[in-house]
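Report on the following structure.
All ligand and atom numbering here is 1-based and tracks the order in the structure. Keep in mind it's a predicted model, so treat the numbers as computed, not measured.
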Amino acid sequence: MGIIGTLFDIKPFAVHDGPGIRTTLFFKGCPLRCAWCHNPEGFSPLPHLVIRPERCIACRECFSACPEHTPVMETTLHPTCRLCGACVEACPAEARELAGRTVTVEEVMAQVLKDRPFYEDSGGGVTFSGGEPLAQPEFLLSLLSACGKEQIHRAVDTSGHAPRSVIADVAAKTDLFLFDLKHMDSKAHQRLTGVENGRILSNLSYLATKGAGLTIRIPLIPGFNDNNNHMAQVGRFLTGLATIPTVHLLPYHSYQKRKYALFNIPCALPEPDEATDRRPLEAAAQLEGMGLEVVIGG
Ligand code: SF4
Ligand code: SF4
């Protein structure tokens with residue numbers, strides 16, 4: 001078998017994950033735990049069993065199918081569940097789902113190539129997202145090479161929290177990084193993402209020095225990083241880079257709350273405040289005043 005990896009979704013016709021119409025590949029596993037994450041199903045590198053009780057018609061097919069005799073409706077994390085997926089196959093009501101599956105590079109490319117005409121017409125391509133794509137470097141590098149051979153544009157959506165050697169290898173095969181910048185203060189960064197930011201800022205400086213294609217994505221999180229003082233720090237850092245990147249400001253919303261319940265993951269999403277709606281425009285004006293090109297939205 002060729003190189004394999006774990007994805008939790010493949011989204012065709014994506015229009016917010018880089019230029020043009022794209023296929024976005026969501027890699028499973030991430031070293032960060034951002035409190036506002038939209039894709040908590042990407043946290044764990046392992047597949048995850050999701051149960052939607054509101055769809056259940058109480059047919060008990062899942063009980064019969066389960067080879068482990070796991071109490072199938074009890075919890076998504078029961079210790080005897082080995083994530084075999086038999087109950088998912090058996091369920092007639094789509095009340096059960098395995099988030100995350102192991103796939104080969106060839107399987108992924110077969111799907112990616114189906115939409116090649118859309119990439120060509122729109123200036124799009126493939127975006128590697130997650131989770132954190134750099135957390136599966138061998139799989140990512142193989143897919144980047146395969147897309148490169150097909151002359152498909154490649155964007156990597158990353159937190160930048162990865163060893164320098166991985167960043168360098170990936171940069172050699174990537175047309176555009178969608179690089180998240182969350183907080184300039186390392187302790188604040190650690191408080192809401194679980195990791196300090198030293199490696200991330202260092203990797204960002206490195207990519208700018210190498211002339212990599214870079215778009216900086218800043219999620220505006222109420223009470224965390226959306227204030228004027230922090231935006232001034234962001235502006236000073238970015239205008240000091242060897243290549244000054246475009247900035248995309250991502251407005252805050254908390255729609256993803258339901259997902260946390262679905263995946264049985266504790267939710268610590270910040271609440272919007274009265275300034276949340278106007279902060280993107282204010283922050284954009286501030287950064288533009290410092291000489292940066294700013295876009296609001298993905
Ligand atoms: S995934 Fe497999 S082991 Fe887990 S509950 Fe379903 S059938 Fe049982
Ligand atoms: S198979 Fe699906 S619909 Fe039937 S009891 Fe199990 S979860 Fe409910």
Any idea which protein heavy atom is nearest [atom], and the distance to it?
atom                    : answer
atom 3 (S) of ligand 1  : Arg82 N, 3.5 Å
atom 5 (S) of ligand 2  : Arg60 N, 3.2 Å
atom 8 (Fe) of ligand 2 : Cys56 SG, 2.4 Å

Next item on the list: Please answer whether the main-chain N or O of Ala208 pairs with a side-chain N or O of Thr243 as donor and acceptor at a distance below 3.5 Å.
Entry: yes
Check: Arg101 side chain to Leu98 main-chain N or O, any donor-acceptor pair under 3.5 Å?
Finding: no
Flag side-chain contact, heavy atom, 4.5 Å: [X] against [Y]:
X      : Y      : value
Ser205 : Phe237 : yes
Leu249 : Val295 : no
His38  : His253 : yes

Margin query: Among Cys91, Ala93, Cys59, Ala90, which one puts a heavy atom closest to atom 2 (Fe) of ligand 2?
Written below: Cys91
Notebook entry, point to check: Got a sec: does the CD of Glu288 have more than 12 other heavy atoms crowding it under 6.0 Å?
Noted result: yes
Next item on the list: Among Ile10, Asp115, Ile152, find the one that has a side-chain contact (heavy atoms from CB on, under 4.5 Å) with Val126.
Entry: Ile152
Next item on the list: Only one of Leu201, Leu181, Val195 passes side-chain contact (heavy atoms from CB on, under 4.5 Å) with His189; say which it is.
Entry: Val195
Next item on the list: Anything protein N, O or S sitting under 2.8 Å from atom 6 (Fe) of ligand 1: count it and give me the total.
Entry: 1
Next item on the list: Under 4.0 Å from a heavy atom of Ile57: give me the atoms of ligand 2 that qualify, with their elements.
Entry: 3 (S), 8 (Fe)
